[in-house]
Amino acid sequence: MPEGPEVECVKKALQKLIGEKIKNIELTEHSQKYKKYKGKNNQFKYFKGKTIKKIVRYGKYFVWEFDTDKVILNHLGMTGMWYLSNKIEIKNATHPKLFIKTMSGIIAVFNDIRNFGQLRIFNNLSEIKEYPPIKNLGIDGLALPFPTELFIRKLNEKKYANKQIANVLLEQKLVAGIGNIYKSESLHLSKIDPRKTVKELSLEEKKRLAKAISQTLQKAVKSGGSSINTYRMPSGEEGRGQLWHQVYRKQYCANCNSKIKKIVQNKRTTYFCPKCQN
DNA sequence: CCGCTGGCCTGCGAGC
DNA sequence: TGCTCGCAGGCCAGCG
């Protein structure tokens, strides 16, 4: 579900936990029906009494750091969400996986409907940085200024030449943080046909694409993320990103009013305007 | 190293 | 009303 901008928005909200000492942390009953969490409660209980020092974003991942070497790698998957509250009841948490209560009374619940999210404990930060999905992350799509020249250099790598640009944009080792919505939106903003292979793109188009990616992702952060299906802020509020989508799940192009085309590339849906994007 | 396939899961809306 | 089907912001393991 969440792409880089949504993860960034959640990260910002989670900063409220920095400096908080953990009174209680445990996997929920509900988590135990999944193989990947089964019997792991003691490993998480290790963090009881520890203080949360940092919550950092790498692409679509969070890394939780404490006043100890061990760290937690956390990914929201398609439906993962953190809910923060001062009350015990958190209405939105229908599929809670991890429950944290701090000394000052803040409650944080990791909720994940489809269970594609991740919570993995590593012995230390350098172990996480060697973990391939983290180690191989490319340019942070939210970096400012966006490194256009580096982007083009990476895009020009042989392995991408014959791939369709829409598929390439989802490769986290090229740009980390783009997902299926902002893939379509970035290509629409830069007026590029998603079916074009990288070698068919002109230098001009690559530059436009770099700019469009950066603009799209920045705008999404400012909107609080896109709430298309299940994404909510940790407060339970919806983001407003969906209000300005130009193509994603749209019927008509916001630009020229032509009928938007919906195609499938690498098993992911792409929306584009056949008139504007060529 | 690469690319492809299937797998992991639940919920929702469309269509019958 | 109730059922099935297809689809959903993502990633990973295993194979050739």
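Chain A is the first sequence line, chain B the second, and so forth, proteins listed ahead of strands; every chain is numbered from 1.
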Between [N] atom [atom2] and [X] atom [atom1], what is the distance in whole Å?
X        : N      : atom1 : atom2 : result
A:Leu137 : C:dC11 : CG    : P     : 9 Å
A:Leu119 : B:dC9  : CG    : P     : 15 Å
A:Lys267 : C:dC11 : NZ    : P     : 16 Å
A:Tyr34  : C:dC11 : OH    : C1'   : 17 Å
A:Gln265 : C:dA8  : CD    : P     : 13 Å
A:Gln164 : B:dC4  : CD    : P     : 11 Å
A:Arg120 : C:dC12 : CZ    : P     : 7 Å
A:Phe116 : C:dC7  : CZ    : P     : 15 Å

The side chain of [X] lies closest to which of these nucleotides: [options]?
X        : options               : value
A:Thr269 : C:dA8, B:dT10, C:dC12 : C:dA8
A:Lys173 : B:dC2, B:dT10, C:dC12 : B:dC2
A:Ile113 : C:dC12, B:dC2, B:dT10 : B:dT10
A:Tyr248 : B:dG6, C:dA8, B:dC2   : C:dA8
A:Lys163 : B:dG11, C:dC12, B:dG3 : B:dG3

Determine, for A:Asp67 against A:Lys21, whether the closest basic-nitrogen to carboxylate-oxygen distance falls under 4.0 angstrom. no
Touch class at under 4.0 angstrom, heavy-atom based, for [X] against every strand present:
X        : answer
A:Lys158 : nothing
A:Lys183 : nothing
A:Pro5   : nothing
A:Tyr160 : nothing
A:Tyr182 : nothing

Using 30° and 60° as the class boundaries, would you call the ring planes of A:Trp64 and A:Phe66 parallel, tilted or perpendicular? parallel
Among side-chain atoms of [X] and [Y], is any donor-acceptor pair under 3.5 angstrom?
X        : Y        : answer
A:Asn156 : A:Lys206 : yes
A:Ser202 : A:Glu204 : no
A:Lys183 : A:Thr270 : yes
A:Asn162 : A:Thr197 : no
A:Glu6   : A:Tyr182 : yes

If you measure from CD1 on A:Ile260 to OH on A:Tyr252, what distance do you get to the nearest 0.5 Å? 10.5 Å
State whether [X] places a side-chain N or O below 4.0 Å from either non-bridging phosphate oxygen (OP1 or OP2) of [N].
X        : N      : value
A:Tyr61  : C:dC12 : yes
A:Tyr37  : B:dC8  : no
A:Thr79  : B:dC9  : no
A:Lys159 : B:dC1  : no
A:His95  : B:dC9  : no
A:His75  : C:dC11 : yes
A:Lys36  : C:dC11 : no

Of A:Gln118 and A:Arg114, the one whose closest DNA chain C nucleotide lies more 5': A:Arg114
Test A:Phe110 against every option in A:Phe99, A:Tyr83, A:Tyr37, A:Trp82 by the ring pair (Phe, Tyr, Trp, His ring centres under 6.0 Å) rule and name the one that passes. A:Trp82
Intra- and interstrand pairs of DNA chain C - dot-bracket, Watson-Crick/G-U under 3.5 Å, | marks other strand: .|||||||.|||||||
